[in-house]
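Below: the structure, in structure tokens.
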Amino acid sequence: MKTVLVTSSKSPHANTRRIATALGEVLDARVVSPEDATPDVLMEADRVGFGSGVYWMSYDKRLAECIRSLPDMSGRDAFTFGTSGLPETPFRRYTRRLASVLEHQGFRVVGSFNCRGLDTWGPFKLLGGVSKGHPDDNDIAAARTFAAALG
Ligand SMILES: Cc1cc2nc3c(=O)[nH]c(=O)nc-3n(C[C@H](O)[C@H](O)[C@H](O)COP(=O)(O)O)c2cc1C
């Protein structure tokens, strides 16, 4: 299945970029930025993964903008992936929100992958960051397992 990954990392740690690289290796997928994810590029794929870090309880807003700029994507699969300083709680429904945008555009959402990513933003910097060392080898292995299970 031809797969393209649309991803952005805004923090200096490039945490999500590392997850995208692991997913891309397993899925033999091209990795592009939201700016390069034009309809032409994505229409050539059978499956598209969208992922970024979490910023202010939301994935990078450029992902949703990119998805909304596409034509009807019915017949194609999509998944989300991301890294965040803190685990997603029931009150921080950013994964569900992005999935809704995908479904609205006609995609069939087939999964999501999330793990912790070193967060040195704002006051956390004073503590040396939270989720130190993440993504770690276990996170990368989990991302690879997720990708392999997609088939
Ligand atoms: C401006 C900013 C806002 C953030 N907001 C959140 C947040 O709301 N919830 C959270 O869990 N982590 C938050 N983080 C931490 C990032 O999600 C985490 O470090 C992530 O791994 C960054 O991914 P990246 O390196 O791919 O950009 C924030 C980080 C930054 C820089």
* To do: Please step through side-chain contact (heavy atoms from CB on, under 4.5 Å) for the pair Ile67 and Leu98, ending with a clear verdict.
  => CA-CA 9 Å; Ile67 296 163; Leu98 191 58; 3.8 Å; yes
* Asked: Is there a side-chain contact (heavy atoms from CB on, under 4.5 Å) between Ile19 and Ile140 once you walk through the steps?
  -> CA-CA 6 Å; Ile19 297 298; Ile140 300 294; 4.0 Å; yes
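Hydrophobic clustering (ILVMFWY, side-chain heavy atoms < 4.5 Å, transitive): Leu102 and Val54 are in one cluster. Note: the hydrophobic cluster containing Leu27 does not contain Val4 (ILVMFWY, side chain heavy atoms under 4.5 Å, direct or indirect links). Leu5 and Leu63 are assigned to two separate hydrophobic clusters, defined by single-linkage of ILVMFWY side chains at heavy-atom distances under 4.5 Å. No continuous path of ILVMFWY side-chain contacts below 4.5 Å connects Phe50 to Leu150, so the two sit in separate hydrophobic clusters. Tracing side-chain contacts under 4.5 Å through hydrophobic residues (I, L, V, M, F, W, Y), one never reaches Val109 starting from Phe113; they form parts of separate clusters.
When ring centroids are compared, Phe146 and Phe81 stay outside the 6.0 Å threshold.
One N or O on the side chain of Ser84 and one on the backbone of Leu86 form a donor-acceptor pair closer than 3.5 Å. With hydrogens and angles ignored, the 3.5 Å screen pairs a side-chain donor or acceptor of Glu88 with a backbone N or O of Tyr94. Checking side-chain atoms of Arg76 against main-chain N and O of Asp46 turns up no donor-acceptor pair under 3.5 Å. In this structure, the side chain of Ser8 does not engage the main chain of Ser52 through any donor-acceptor pair within 3.5 Å. A side-chain donor-acceptor contact under 3.5 Å links Ser131 to the backbone of Gly85.
Between Val101 and Arg97 the shortest side-chain heavy-atom distance does not fall below 4.5 Å. Between Trp121 and Val130 the shortest side-chain heavy-atom distance does not fall below 4.5 Å. With contacts defined as side-chain heavy-atom distances shorter than 4.5 Å, the pair Met43/Met73 qualifies. At a threshold of 4.5 Å between non-hydrogen side-chain atoms, the residues Val41 and Asp36 do not count as touching. Side chains of Arg62 and Val6 form no contact here, defined as non-hydrogen atoms less than 4.5 Å apart.
More than 12 heavy-atom neighbours from other residues, nucleotides or ligands sit within 6.0 angstrom of CG on Asp72. Counting heavy-atom neighbours within 6.0 Å of Lys10 NZ, excluding the residue itself, gives a total above 12. Counting heavy atoms of neighbouring residues, nucleotides and ligands inside a 6.0 Å radius, atom CZ of Arg30 does not exceed 12 of them.
The salt bridge (charged side-chain N to carboxylate O under 4.0 Å, His left out) test with Asp77 is passed by exactly one of Lys2, Arg47, Arg108: Arg108. For the side-chain contact (heavy atoms from CB on, under 4.5 Å) with Asn15, the lone residue among Thr83, Asp119, Asp139 that qualifies is Thr83. Of the candidates Lys125, Lys132, His13, His13 is the only one forming a side chain to side chain donor-acceptor pair (under 3.5 Å) with Thr120.
Thr38 approaches Glu35 most closely through the heavy-atom pair CG2-O, 4.3 Å.
Atom CZ of Arg18 sits about 13.0 Å away from atom OG1 of Thr7, to the nearest 0.5 Å. Interatomic distance, CG of Asp28 versus CE of Met1, reported as 14.0 Å (0.5 Å rounding). Distance check, rounded to the nearest 0.5 Å: CG of Leu118 to OG of Ser11 gives 7.0 Å. From Asp60, atom CG reaches atom SG of Cys66 across 10.5 Å, with rounding to the nearest 0.5 Å.
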